[in-house]
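Below is one structure, written out as structure tokens; the observations come after it.
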Amino acid sequence: MLATNGRMKIAIQRNGRLTEDSVALLRACGLSFEFQKQSLYSPCSNFDLDVLAIRDDDIPEYVQDGVADLGIIGENVLLERSARVHQLVPLGFGGCKLMISVPQRSAVRKISDLNGLRIGTTYPTILKSFLKDHKVRSEIVELSGSVELAPSLNVADVICDIVSTGTTAKMYGLRTFCTVLESQAVLVANLASMRDKKKRAIIDRLMIRVQGSQEAGGKRYLMMNAPANSVARLKRVIPSLKSPTVVPLAETGMVAIHSVVAEDVFWDVMEKLKKAGASDIIVVPIETIIR
Ligand code: PRT
Ligand code: ZN
């Protein structure tokens, strides 16, 4: 019933590290839907796309098989499953690394030192191809979870697992040794849906919105007043997207300046602007930028 109601579907992780950002992205794209972690299916009231919330491990196959037309999934899971899907765009969240970690006192210093060792992992496919690329012969011990425990249980000598801050590895007496894969969440599409004219039109509409919200991400809209003769100086301070908009004010000799600044240099820019003569500085968030 679910798969055949004719509406397009996007699969997202139901309850995990990608859930909040996936929901936020779809909402930033203007999609209106109710989302509860226990609900599998949330129809969108204002866009021809419904949200299917499932375990992240199932997303590659669901998109490959057309149960969902689109999906948001970590590159690590996508690659491990070797699913045949179309990768639309990296999304800039869910960042992590698949890394080989070794016990603190291990003698492993270079990749060739892994020869002959047992590597515990839940990512045998990616690891196998990494070892092959580096011409290393190790034994891959395929685990289903609690990978960090493997060395202390003597199930493996070293491990290959997802690391973000490195705290977990440290907690288990391991030191991260080398990166096998850098990963982030990506938007993927079913191959047949990409070829279907009607579905493709909806995917293209969504893509424009995704790109718009990505463009806007980390940017602020800046408005300020300044003496006209300070414009040249102010322009040098604003690392704007394009040249700032300068509008004369009723008060002679004064102008309003509008521009876009990046969040990370925002305070720095503000201080310089004030010094350069700007006043009444107003900063607002940007929801989207369509080019
Ligand atoms: O229930 P379901 O199967 O849907 O969820 P899950 O438990 O399989 O996945 P989840 O929610 O843990 O992760 C989903 C995706 O988030 C992963 O596939 C990655 O793409 C991404 N991601 C980002 C991470 C991490 N950061 C992360 N830190 N996935 C897992 N971890 C784990 C890691 O496995 C290790 O146990 O966090 C621990 C390490 O974290 P640090 O910060 O201590 O290094
Ligand atoms: Zn999972």
Side-chain angles (χ1 to χ4, degrees), residues 2 9-26 35-42 51-65 67-68 70-83 85 87-104 106 119-130 140-153 155-156 158-188 210 214 217:
L2 245 187
K9 289 163 200 70
I10 181 163
I12 65 170
Q13 188 183 26
R14 187 197 295 227
N15 188 9
R17 287 170 207 265
L18 304 181
T19 306
E20 202 182 312
D21 287 330
S22 301
V23 170
L25 173 71
L26 297 180
F35 182 81
Q36 272 128 18
K37 285 183 174 155
Q38 52 291 12
S39 68
L40 173 69
Y41 193 67
S42 316
V51 179
L52 198 58
I54 54 180
R55 282 198 61 199
D56 70 340
D57 312 69
D58 295 333
I59 294 176
E61 282 86 349
Y62 270 45
V63 176
Q64 174 183 287
D65 300 344
V67 178
L70 294 160
I72 294 177
I73 183 68
E75 286 172 310
N76 52 319
V77 176
L78 189 64
L79 257 176
E80 183 60 30
R81 297 299 162 120
S82 320
V85 297
Q87 290 205 34
L88 285 163
V89 63
L91 296 172
F93 61 81
C96 57
K97 290 177 177 175
L98 182 62
M99 296 188 84
I100 296 181
S101 299
V102 304
Q104 292 288 0
S106 161
I119 310 180
T121 191
T122 55
Y123 292 88
T125 308
I126 299 175
L127 178 60
K128 194 172 162 193
S129 115
F130 174 85
I140 298 177
V141 181
E142 200 173 330
L143 303 168
S144 56
S146 306
V147 179
E148 301 91 346
L149 281 172
S152 54
L153 296 174
V155 173
V158 305
I159 64 164
C160 173
D161 197 14
I162 298 291
V163 173
S164 107
T165 59
T167 320
T168 309
K170 214 178 242 171
M171 219 165 71
Y172 285 89
L174 304 168
R175 70 176 156 86
T176 53
F177 160 63
C178 75
T179 301
V180 172
L181 175 81
E182 289 204 28
S183 174
Q184 61 174 304
V186 287
L187 180 64
V188 296
V210 169
Q214 282 188 326

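Counting convention: from 1, in listed order, for ligands and their atoms alike.
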Check whether any side-chain heavy atom of Val67 lies under 4.5 Å from a side-chain heavy atom of Lys9, and answer yes or no.
-> no

Within reach of ligand 1, part of Cys96 (heavy-atom separation under 4.0 Å) = side chain

Who's the nearest protein heavy-atom neighbour of atom 15 (C) of ligand 1, and how far?
-> Leu18 CG, 3.8 Å

With a 4.0 Å cut-off on heavy atoms, is Gly95 touching ligand 1?
-> yes

Proximal ligand 1 atoms for Gly94, defined as those under 4.0 Å from one of its heavy atoms | 21 (C), 23 (C)

Do Ser22 and Phe35 come close enough that some side-chain heavy atom pair is under 4.5 Å?
-> no

Using a 4.0 Å heavy-atom threshold (strictly under), name the region of Asn76 that reaches ligand 1: side chain, backbone, both or neither.
-> side chain

Could you tell me whether the side chain of Ser101 reaches within less than 4.5 Å of the side chain of Asp161, counting heavy atoms only?
-> no

Below 4.0 angstrom from a heavy atom of Val77, which ligand 1 atoms are there? Numbered from 1 as shown, please.
-> 18 (O)

Report yes if some heavy atom in the side chain of Val210 is under 4.5 Å from a heavy atom in the side chain of Leu88; otherwise report no.
-> no

Among Ala53, Gly166, Gly16, the residue with a heavy atom nearest to atom 44 (O) of ligand 1 is Gly166

For Asp57, take its heavy atoms, then give the atoms of ligand 1 lying under 4.0 Å from any of them.
-> 3 (O), 8 (O)

By number and element, which atoms of ligand 1 are closer than 4.0 Å to a non-hydrogen atom of Val163?
-> 44 (O)

Under 4.0 Å from any heavy atom of Gln13, which atoms of ligand 1 are there?
-> 2 (P), 4 (O), 5 (O), 6 (P), 9 (O), 10 (P), 11 (O), 14 (C)

Is a side-chain donor or acceptor of Thr19 paired with a backbone partner of Gln13 at a separation under 3.5 angstrom?
-> yes

Does Leu181 reach the side chain of Phe130, with side-chain heavy atoms less than 4.5 Å apart?
-> no

Would you mind telling me if ligand 1 is within reach of the side chain of Val147, the backbone, both or neither, using heavy atoms under 4.0 Å?
-> neither

Sub-4.5 Å side-chain heavy-atom contact between Thr176 and Lys97 = no

Tell me, which protein residue and heavy-atom name are nearest atom 36 (O) of ligand 1, and how many Å apart are they?
-> Glu148 OE2, 3.0 Å

Report the C-alpha separation of Ile59 and Ile72 in whole Å, then their side-chain angles, then the decisive distance to 0.1 Å, and conclude whether the side chain to side chain contact (heavy atoms under 4.5 Å, CB included) test is met.
-> CA-CA 8 Å; Ile59 294 176; Ile72 294 177; over 6 Å; no

After noting the C-alpha distance and the side-chain angles of Tyr62 and Ile73, does the key distance pass the side chain to side chain contact (heavy atoms under 4.5 Å, CB included) rule?
-> CA-CA 11 Å; Tyr62 270 45; Ile73 183 68; over 6 Å; no

Select the closest option to atom 35 (C) of ligand 1 among Ile73, Asn15, Ile162, Ile12, judged by heavy-atom distance.
-> Ile162

If you measure from atom 11 (O) of ligand 1 to every heavy atom of Lys97, Arg17, Arg55, Arg14, which option wins on shortest distance?
-> Arg17

Test side chain to side chain contact (heavy atoms under 4.5 Å, CB included) on Arg175 and Val102 and set out the steps.
-> CA-CA 5 Å; Arg175 70 176 156 86; Val102 304; 3.6 Å; yes

Apex the Zn ion (ligand 2); atoms Asp57 OD1 and Asp56 OD1; angle rounded to 10 degrees = 80°

Heavy-atom nearest neighbour of atom 42 (O) of ligand 1 within options Thr167, Ile54, Thr168, Thr165 | Thr165

Which atoms of ligand 1 sit under 4.0 Å from any heavy atom of Gly74?
-> 20 (O)

Could you check atom 8 (O) of ligand 1 against the protein and tell me its nearest heavy-atom contact, residue, atom and distance included?
-> Asp56 OD1, 3.3 Å

Is any side-chain heavy atom of Gln184 less than 4.5 Å from a side-chain heavy atom of Glu75?
-> yes

